[in-house]
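To find a chain, count down the sequence lines: A is the first, B the second, and so on, and within it residues start at 1. Please read all numbers here as calculations on a predicted model, not as lab measurements.
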Protein chains: 2
Amino acid sequence: MPSDHGVASALKRSDLAKLTGCNLETIRYYEGVGLMPDPPRSPAGHRRYGTAHVERLSFIMRARELGFTMEEIRGLLSMVDRGSHTCGEVEKRGRDHLNVVRAKIRDLQNIEAILADTIAKCSGSDAPECPLLNVLSDGAVAKAD
Amino acid sequence: MPSDHGVASALKRSDLAKLTGCNLETIRYYEGVGLMPDPPRSPAGHRRYGTAHVERLSFIMRARELGFTMEEIRGLLSMVDRGSHTCGEVEKRGRDHLNVVRAKIRDLQNIEAILADTIAKCSGSDAPECPLLNVLSDGAVAKAD
DNA sequence: CCTTGCTCCTGTAGTTGCTACAGACCCTAT
DNA sequence: ATAGGGTCTGTAGCAACTACAGGAGCAAGG
């Protein structure tokens, strides 16, 4: 049985990584940039984590999955840390992010439409003439008329 | 009238930037990474561009607008440079890229749905209780039932 | 002719969000 | 005791640029 040096529910960095699905190195990175607190250390200097760390990193991971940037996550966390957050405040940040997500979707859908339309006109043959190359060379976006 | 040191249709880097909409520094970057050729120089070492450069950079800019990565653009350009490209080959690269674009759209639409559903449940009030924070804390994605 | 102010040159560092390595420690099991 | 892992640190790398510092050139006004 491994000693835990008296630290309650002491998890190693690799344990935290497995529990949260976060990359091992990324944990150290988040500590460096201040998203995660510096954890207590074992006498040999090894990081020891508890349930609070698991919860915080899980929060970060889920925010990441929703596409929040690190700055946005930092903002959300500091609101929660201050303990003075309101649903209205959080909602506003969520809405702002949603708008960014929707803008990205629109951009990608534009690209998708142009690519799909253009590729649909490709012969796929061994000829050098190619509608997609024409679009790239001339900027002419073929109309579907 | 500024001398052009005998270089036909000699454009300065800033001219090329304006003509193509490319950032000034990015031109130098593209030369460094080999997307653009090293241009001829004036006696004082200043870059001098011609219409071929304008066309190549325009090609790159349009590919960029369509979301092609630099490696994809490099591939397209080298096919054209070899002069041995076929429509089938170009179409395949276009299709591969289209698949990537569509995957990104799907990912973002998932995010959008979760965010929109969750935010719709926010009271927007001064209460600390917040559906969005709950999702981030628990991973519970609210159902619209 | 000379200065003023802009452009251009180079190399390098910063951005975002990680990821991966090298080389040194430490810990566990046999 | 020693072999193998895991952990520690600092640092470099990725995409794809962007920006800056410090020096040189160049065109025009006085």
Side-chain angles (χ1 to χ4, degrees), chain A residues 1-5 7 10-36 38-49 53 57 59-77 97 100 104 107, chain B residues 1-5 7 10-36 38-49 53 57 60-77 97 100-101 104 107:
Chain A
M1 157 180 158
S3 120
D4 67 0
H5 297 286
V7 178
L11 300 162
K12 289 176 291 178
R13 187 150 61 107
S14 58
D15 297 328
L16 182 59
K18 263 169 223 151
L19 279 172
T20 58
C22 186
N23 180 292
L24 188 71
E25 300 279 34
T26 304
I27 295 172
R28 198 160 59 99
Y29 170 71
Y30 285 156
E31 286 165 11
V33 298
L35 278 193
M36 290 291 289
D38 285 349
R41 303 290 184 127
S42 78
H46 290 197
R47 291 165 177 82
R48 296 299 174 218
Y49 299 98
H53 296 102
L57 186 49
F59 184 104
I60 294 170
M61 294 301 283
R62 278 186 288 258
R64 219 172 72 168
E65 279 163 23
L66 292 180
F68 283 97
T69 65
M70 273 186 35
E71 277 320 297
E72 287 168 333
I73 297 174
R74 194 188 299 279
L76 289 169
L77 282 171
H97 178 56
V100 171
K104 279 187 187 161
D107 285 352
Chain B
M1 156 182 161
S3 121
D4 67 0
H5 297 286
V7 178
L11 300 161
K12 289 176 293 179
R13 187 151 61 106
S14 58
D15 296 330
L16 182 60
K18 262 168 225 152
L19 279 171
T20 57
C22 186
N23 179 293
L24 188 70
E25 301 278 35
T26 304
I27 294 171
R28 199 159 59 99
Y29 170 71
Y30 285 155
E31 286 165 12
V33 297
L35 278 192
M36 290 290 290
D38 285 349
R41 303 289 184 127
S42 77
H46 290 196
R47 291 165 175 82
R48 296 298 175 217
Y49 299 97
H53 296 102
L57 186 50
I60 294 171
M61 294 302 283
R62 277 186 289 256
R64 218 171 73 167
E65 279 162 24
L66 291 180
F68 284 97
T69 65
M70 271 185 38
E71 276 321 296
E72 287 169 333
I73 296 174
R74 196 189 297 281
L76 289 169
L77 282 170
H97 178 56
V100 171
V101 170
K104 281 185 186 163
D107 287 350

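As rounded to whole Å, 10 Å separates atom C1' of C/dT28 from atom NZ of A/Lys12. For the pair B/Met70 CE and D/dA15 P, the interatomic distance rounds to 7 Å; values are reported in whole Å. Per the geometry, CG belonging to A/Leu16 stands 14 Å off C1' belonging to D/dT7, to the nearest Å. Between A/Met36 atom CE and C/dG17 atom P the separation is 17 Å, expressed in whole Å. The separation between A/Arg13 atom CZ and C/dA20 atom C1' is 12 Å, rounded to whole Å. At whole-Å resolution of the value, CD in A/Glu31 and C1' in C/dC18 are 15 Å apart. Protein atom NZ of B/Lys104 is 14 Å distant from nucleotide atom P of D/dA15, rounded to whole Å. The interatomic distance linking A/Glu25 (CD) with D/dG6 (P) rounds to 13 Å, in whole Å.
Scanning both residues, B/Pro39 and B/Arg47, for their nearest heavy atoms gives CG-CG, 3.5 Å.
A sub-4.0 Å separation between OP1 or OP2 of C/dC18 and a side-chain N or O of A/Thr26 is absent. Note on A/Arg28: every side-chain N or O is 4.0 Å or more away from OP1 and OP2 of D/dG10. The phosphate of D/dG6 (OP1 or OP2) has no side-chain N or O of A/Ser14 nearer than 4.0 angstrom. In this model, the phosphate group of D/dC17 is approached by a side-chain N or O of B/Arg64 to a distance below 4.0 Å at OP1 or OP2. Of the side-chain N and O atoms in B/Tyr30, one or more sit less than 4.0 angstrom from OP1 or OP2 of D/dC17. Phosphate contact (OP1/OP2 of D/dT9, side-chain N/O of A/Arg41, threshold under 4.0 Å): present. Neither OP1 nor OP2 of D/dG6 sits under 4.0 Å from any side-chain N or O of A/Arg47.
Side-chain atoms of A/His46 lie closest to D/dC8 of the nucleotides C/dT10, D/dC8, C/dA20. Taking only side-chain atoms of A/Tyr29, from C-beta outward, the nucleotide of D/dC17, C/dC18, D/dT7 with the closest atom is C/dC18.
Taking a cutoff of 4.0 Å between a charged side-chain nitrogen and a carboxylate oxygen, A/Glu25 and A/Arg28 qualify as a salt bridge.
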Practice item. Starting from the C-alpha separation in whole Å, work towards a yes-or-no answer on side-chain contact (heavy atoms from CB on, under 4.5 Å) for B/Leu16 and B/Cys22. Key: CA-CA 8 Å; B/Leu16 182 60; B/Cys22 186; over 6 Å; no

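Along DNA chain D, the nucleotide nearest to B/Ile73 and the one nearest to B/Ala44 differ in position, and the one closer to the 5' end is contacted by B/Ile73.
With hydrogens and angles left out, the side chain of B/Glu71 and the base of D/dC14 share no donor-acceptor pair within 3.5 Å.
We find the CG-CZ distance between B/Leu57 and B/Arg64 to be 8.5 Å, quoted to the nearest 0.5 Å.
When side chains are defined from C-beta on, A/Ile60 counts as touching A/Met36, because their heavy atoms get closer than 4.5 Å.
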